[in-house]
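In what follows, a single structure is set out as structure tokens and then discussed.
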Amino acid sequence: MALYTDVIIAGFGGQGVLLVGNMLAYSAMQEGLQVTYMPVYGVEMRGGTANCTVVISEEEIGSPLVMYPHSLIIMNQPSLEKFRPRLKEGGVQIVNTSIVPQSLLDGDQARSVPVPANDLANELGNPKMANMVVLGAWVEATGILSLERVKQGLPQVLGKSDERIIQANHRAMQAGADRVREYA
Amino acid sequence: MSSKPGPISLTKGNEAIAKGALAAGLHCYFAYPITPQSDIPEYLSKHLVERGGEFIQAESEIASVNMLLGAAACGKRAMTSSSSPGIALKQEGISYMAGSELPAVIVNISRGGPGLGSIDPSQGDYYQATRGGGHGDYRTLVLAPSTCQEAYDLTIRAFELAFYHRNPVVILGDAILGQMKEPLKEWEYQPNTEREAADWALSGAKDRPSRLIKSLYLADEALAGHNERLQAKHERMRQDLDWEEYATEDSEVLVVAFGSVGRIAKSSVRKLRSQGYRVGLLRPITLFPFPEERIRELAWSNRLITIENNTGQMVDDVRLAARNVADSAFFGVSPGRLPSPEDFLQPILEVWEQEEARK
């Protein structure tokens, strides 16, 4: 069976969900895989809801849009309510439990990986890096791409090579990945 | 023309079109911004200018289409882009360019309508693109890419066709194509833009007789002759027919879908194939000319269903193509709602069951 996976990444505008999608798509391309990245967002720069779908495959990709994704990255509660019912059976969801109450995951049949992303990012010095934390968590939880590959792509996707920014974001990704390992 | 492979990058559909236009030797671009295609002017405002081309953000869509006409009359490789209501405003200019036999590329990354509609994906401009929103007996070639790579390749193709036929060419995409990112392999291409317009362009009449480019024919019989020439040209465009077929060798139900919906429907067809249903797909790449002969051929052995992200437009052409052989069912996702492969399974299966019941 050829490799195929897809993920919907959702949150408030400004939480960096589209950047996470871009990072995954870029890394998959660098890995020599087929990939599509499809953003859906309103007309607002901040405050509205934003989500994107990334499809990764060894074969030609048909639809860039997915009704029932294999995995989710959920950055806030409205996104959980909207996308959780669509998660494929046996799928995995990374949930930002700094914002989404942990109690909402209790009794959920899906494999949920709670990651207090804002808190972990805060500890590393910048709450804006919460998106990098969940990115690292998804990579670790799914095993589709290597964390090293994803880390390498950051300067290209950001269009920045400031070593301090890159290193800080790498630490945030690592923190997310470590969290999954501890939790497992 | 020569080509060699260039870099691979993760590129948005809109940018793929802008890059394709640059690769095709774009000289001039005129437009007024509108979502969801503004990445095209954004990209060209930097890169076209760096390459010494002319970039003008016009005061309106109407101004930009008339600038396009002017540049085309001078034999330049020229392009405009907009989205649905903006393209509606350009129709008068497109009719004048068709009447004056001028080559130009018009990109429509369409949005929900009618009116201002929304910024959501929609295929509601199929009629506008293929029937012409402008007046008179004219046709534009219409190309409908479904991937970012195809958006790049077909933009280059659009310039070739525009100059070959001396006719406007429309690239019809939607917000899915425009906003999606995929790996893009650029290729270098050397268009011979020096001579392609040499025998008709308004290039200064020094040392040669003067030329006149017009769409007005008042003399006795003049307009009739002009229309007959144009009609013969529309017939010649059939040589440039293009479409994709998938799993049609032994199919009994044929899905016809174009653009983004064509690739989404391909996922549905693959899924049904894996469950043993003999379903195939035909995705027209040129919407005008339309692959009607091939659809008619397949209609002898297939029950047809046309799927669109509108309330039913291309289905008219499918029914015309298959007339006296078969009808086509229709399934539409309304503009403003995002289609997914799961949406199409049930409608295709219903057609499959009708076919089984008939046997």
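Note on naming: letters A, B, ... go to the chains in the order of the sequence lines (proteins, then strands), and numbering restarts at 1 for each one.
Scanning residues 247-264 of chain B against chain A with a 4.5 Å non-hydrogen threshold yields B:Arg263, B:Ile264, sorted by number. Residues of residues 19-29 of chain A that come closer than 4.5 Å to chain B, counting heavy atoms only, are A:Asn22, A:Ala25, A:Tyr26, A:Met29, ordered by residue number.
The main-chain N or O of B:Pro341 is never found under 3.5 Å from a side-chain atom of A:Ser63 such that the two would form a donor-acceptor pair.
By the neighbour-count criterion of 12 heavy atoms within 6.0 Å, atom OH of B:Tyr246 is densely surrounded, having more than that number from other residues, nucleotides or ligands. Shown here is A:Glu89, whose CD atom has no more than 12 heavy atoms of other residues, nucleotides or ligands within 6.0 Å. Enclosure of atom CZ in B:Arg337 is not indicated, since only 12 or fewer non-hydrogen atoms of other residues, nucleotides or ligands lie within 6.0 angstrom. Applying the 6.0 Å contact sphere to OH of A:Tyr68 captures no more than 12 heavy atoms from other residues, nucleotides or ligands. Within 6.0 Å of CZ in A:Arg164 there are 12 or fewer heavy atoms belonging to other residues, nucleotides or ligands. Counting heavy atoms of neighbouring residues, nucleotides and ligands inside a 6.0 Å radius, atom CG of B:Leu116 does not exceed 12 of them. Atom NZ of A:Lys128 has 12 or fewer neighbouring heavy atoms from other residues, nucleotides or ligands inside a 6.0 Å radius.
With rounding to the nearest 0.5 Å, the separation of NZ in B:Lys181 from SG in A:Cys52 is 10.0 Å.
Both the backbone and the side chain of A:Glu60 come within contact range of chain B, each with at least one heavy atom under 4.5 Å from a heavy atom of that chain. Of the two parts of B:Glu342, only the side chain, counted from C-beta on, holds a non-hydrogen atom closer than 4.5 Å to a non-hydrogen atom of chain A. For B:Asp343, the part lying near chain A is the side chain, with the backbone staying farther off; criterion is any non-hydrogen pair under 4.5 Å. Within the 4.5 angstrom heavy-atom criterion, only backbone atoms of B:Ala175 (N, CA, C, O) approach chain A.
Between chain B and the options A:Val54, A:Ile61, A:Val35, A:Val157, the largest number of non-hydrogen pairs under 4.5 Å is found for A:Val35.
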